[in-house]
Every structure is written in structure tokens, then in C-alpha cells.
Amino acid sequence: MTKKSTGTRAQAGKPPASPVRNRAGMETFMADLNRIMREQAFESLDDAQAFMTRLMEEGGGRLPLPRAQAPVERAQSLIYQAWEARTQRQAAALAREALEIFPDCADAYNVLAEAESRSPQEACTLYRQGVDAGRRSLGKAFFDEHRGHFWGMIETRPYMRARQGLTDCLWALGRKRESLTHCEALLELNPDDNQGIRHGLLSRYLALGNDTGAARLFRVYAHDASAAFLWSRVLLDLRRGDQVAAKEHLVLAMDGNPHVAGFFAGKRKPPARLPDSYSPGDRNEAVLYIANFAEAWLASADAMDWLTGQLAN
């Protein structure tokens, strides 16, 4: 399964990479389906499931054309077009049109941050505007009621995307504690972490020497078999002085993604451009791991010496 890369992607003078464009079709479908379901009055879950089945069968897999849309829906439709625009200029124009229709369209600010910003400072300003717009659009009561279940509710995603973009830009600007606060808040809103926030947060905890925070992530996401977690577990073991555990976890890390070892051993050099996506265990995942976690390893000279010695044997 191919995944969109996440984590500490924002670099000096460059905002985070743009989202995977083929998500537009999926989110459009989900938005239309949510709208149709809200228009119904079901007495039970079985009634809702029967309605969905009939809807798809009668439409040949297609949803009926939407009724008159509210401004927020019309604006979001323009955003889906912006994701598929051929040029950044076209994307930005669609985003500005969306803001004219619905001023609190958070995704419009996200598109502008990706299409027009020339520095983390500019991107940070736009993402923060997106966060504020998303918060106003959803309302305080929505946060109070649905905290812990975000992202599964499609209307939350523009806000979640804006806040993720903000975390990356804040980190690039050196506002590291503020970045951590936003990452932690995103995980509180959505513990299932569909965005992969935990990977960027883990790298930042380790870079700042917050081993307690890193250990907490390992406990909460014990199922995570990504390179980010497998290889970083070795680092945390070494920081604790437990070389026995480090050796055991190094075997698991090598099995999960052996390509990381090639970069640590100096046999491979990272590419000039980071990949936009990866598959678990592949070279792209290893490239992203080195890019996002090198700072944490380099801050632990003894751990690096131990690891390079093990890889040389």
C-alpha cells in the first residue's frame, strides 16, 4: 500500500509538499454521500444500510446529482477542483473564488499556502488563517462533542490539514514547542491518527531529547511497524543505555526496512528531492526516515557510533 509522506517535511523556504491529488475523487464522493445521508430520516442502522445499498444499485455506482448546495459545500467543491488544477496559479485562483463564496473555507488557505507561499513564514500565516477559519466553521460545540473522533467526519478534514501544515511550518521556523503543542492537540482530536502525525511528533520529541514523550508514543501506538517507529525504538533503547534491547530491536528494524541501514552505513546518499509517497519497507520510506530523524540520531553521538559499528559487522 502506497502512502503519502508525512512528518517534518517543511524546510527553509519551502512549505510542506502538496497533497496527493487522487484523494479529490474520494473526498468528493464521501462529501456527497454524507450530504445525502443527512437529508434522510432513518429509524435504524439497518434502514440506513438498506438505503445506501439501494442508492448505489439504482445509480450504477454513482451518486445522484446534488441538490442546491450551501456556500460551504460550493466552496469545498472548488477546492476539489483546485487539487486537480494543472498549475499552481489555477489552484490559487480557485481557492480565492472559494473564499469569496465561503470566507471560512479552511482548505482554501491550505491551497494558497501550497500554491503561493515562498517561505515558511508565508505558509505559516496562511495555515494559521486556515486553522482559525476551520475552528469558526466547526464551532466550539462541535469540538466539545466530537473530540477524539475527528477525521472520520469529513467536515473536520480541512481544519485538520491546516493544523498539520501549521505544525510543519512552525518547526521549520524554529518555534519547536509550539509545533509540538499542535501535534499533540491533533492526536487528541484524532487518536487513530489517519494523518500520520505521530511520526513527525516522534522525530521532534527525539530531536529535543524528550524521551518521555517518545516512550509514550511507543506505548500508545505499539502496533506501528513503520520505519519511523522500528528504527527510532533502537535509538531510544540506546539513550536508556540498554544495548541488549537495542540489538533485539535492530533486528526488527532491519527486517521492517533494511534500506535505512544503507544510509546510516554511508553506502547510499539521500536524493536531492524527497519522495511524495512511499510503501512500507521500500527505499522511499528509508529516505524519509533519514530526512526526518537524522537530527535526533546526530544529537546522540554514542548511539550513532554504536549503530554504525553494528552495521559494519
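Quick note: numbers below take in every heavy atom, side chains included, and nothing from hydrogens, waters or symmetry partners.
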Residues [X] and [Y]: side-chain donor-acceptor under 3.5 angstrom:
X: Tyr278; Y: Arg283; answer: no
X: Asp107; Y: Gln76; answer: yes
X: Tyr159; Y: Gln164; answer: no
X: Ser232; Y: Tyr289; answer: yes

Under the side chain to side chain contact (heavy atoms under 4.5 Å, CB included) criterion, do Thr156 and Asn190 qualify, and how do the steps go?
CA-CA 10 Å; Thr156 69; Asn190 180 41; over 6 Å; no
Between [atom1] of [X] and [atom2] of [Y], what distance do you get to the nearest 0.5 Å?
X: Asp276; Y: Asn284; atom1: CG; atom2: CG; result: 9.0 Å
X: Tyr109; Y: Asp132; atom1: OH; atom2: CG; result: 9.0 Å
X: Glu114; Y: Arg161; atom1: CD; atom2: CZ; result: 9.5 Å
X: Arg175; Y: Arg177; atom1: CZ; atom2: CZ; result: 15.0 Å
X: Leu166; Y: Cys124; atom1: CG; atom2: SG; result: 5.0 Å
X: Leu187; Y: Phe150; atom1: CG; atom2: CZ; result: 13.5 Å

Exercise for review: Kindly determine whether Glu184 and Leu201 satisfy side chain to side chain contact (heavy atoms under 4.5 Å, CB included), including the steps that lead there.
Suggested key: CA-CA 8 Å; Glu184 291 163 349; Leu201 182 57; 4.1 Å; yes
Consider side-chain contact (heavy atoms from CB on, under 4.5 Å). Of Asn210, Thr212, Asp211, which one does Tyr205 pass it with?
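Exactly one pass, corresponding to Asn210.
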Under a single-linkage definition using a 4.5 Å side-chain heavy-atom cutoff for Ile, Leu, Val, Met, Phe, Trp and Tyr, are [X] and [Y] assigned to the same hydrophobic cluster?
X: Leu311; Y: Val234; value: yes
X: Leu189; Y: Leu202; value: yes
X: Ile101; Y: Tyr80; value: no
X: Leu217; Y: Leu235; value: yes
X: Leu230; Y: Val251; value: no

With [X], which residues qualify under side chain to side chain contact (heavy atoms under 4.5 Å, CB included), at least two apart?
X: Ala286; result: Asn257, His259, Val260, Phe263
X: Ala162; result: Asn110, Val131
X: Gln243; result: Leu238, Trp306
X: Ala225; result: none

Report the C-alpha distance between Arg74 and Glu97 in whole Å, list the side-chain angles of each, state the deciding distance to 0.1 Å, and finish with yes or no for salt bridge (charged side-chain N to carboxylate O under 4.0 Å, His left out). CA-CA 10 Å; Arg74 288 160 50 206; Glu97 185 178 350; over 6 Å; no
Sub-4.5 Å side-chain heavy-atom contact between [X] and [Y]:
X: Leu170; Y: Arg128; answer: yes
X: Leu94; Y: Ile79; answer: no
X: Leu180; Y: Leu208; answer: yes
X: Met304; Y: Phe264; answer: yes
X: Pro275; Y: Leu288; answer: yes
X: Arg96; Y: Leu112; answer: yes
X: Gln88; Y: Glu116; answer: no
X: Leu186; Y: Trp151; answer: no

Looking only at non-hydrogen atoms, find the nearest pair between [X] and [Y] and report the distance.
X: Leu126; Y: Ser117; answer: CD1-CB, 4.5 Å
X: Ala98; Y: Cys105; answer: CB-SG, 4.3 Å
X: Pro270; Y: Ile290; answer: CG-CG2, 4.2 Å
X: Trp171; Y: Ala207; answer: CZ2-CB, 4.3 Å
X: Cys169; Y: Ala123; answer: SG-CB, 3.5 Å
X: Phe102; Y: Pro71; answer: CB-O, 3.8 Å

Just by modelled atom types, is the [Y] backbone N or O under 3.5 Å from a matching donor or acceptor in the [X] side chain?
X: Asp193; Y: Arg198; value: yes
X: Ser137; Y: Ala133; value: no
X: Asp282; Y: Ser279; value: yes
X: His146; Y: Phe142; value: no
X: Arg239; Y: Leu206; value: yes
X: Ser179; Y: Thr167; value: yes
X: Ser300; Y: Ala303; value: no
X: Thr125; Y: Gln121; value: yes

Check: Can the ring centroids of His199 and Phe229 be said to lie less than 6.0 angstrom from one another?
Finding: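 Between Phe229 and His199, which both carry aromatic rings, the centre distance is below 6.0 Å.
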So which pairs with a foot in residues 295-313 pass salt bridge (charged side-chain N to carboxylate O under 4.0 Å, His left out), sequence neighbours left out?
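Pairs touching residues 295-313 that pass the test: Lys176-Glu295.
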| Residues in side chain to side chain donor-acceptor pair (under 3.5 Å) contact with Arg89, at least two apart in sequence or another chain |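 For Arg89, no residue satisfies side chain to side chain donor-acceptor pair (under 3.5 Å) once neighbours in sequence are set aside.
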Closer than 4.0 angstrom, basic N to acidic O: yes or no for Asp168 and Arg204?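 Salt bridge between Asp168 and Arg204, a charged N being under 4.0 Å from a carboxylate O: yes.
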Exercise for review: Taking the six-membered ring of Phe218 (Phe, Tyr or Trp), confirm whether the NZ or CZ of Arg233 is under 6.0 Å from its centre and within 45° of its axis.
Suggested key: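 Arg233 over Phe218 ring: yes.
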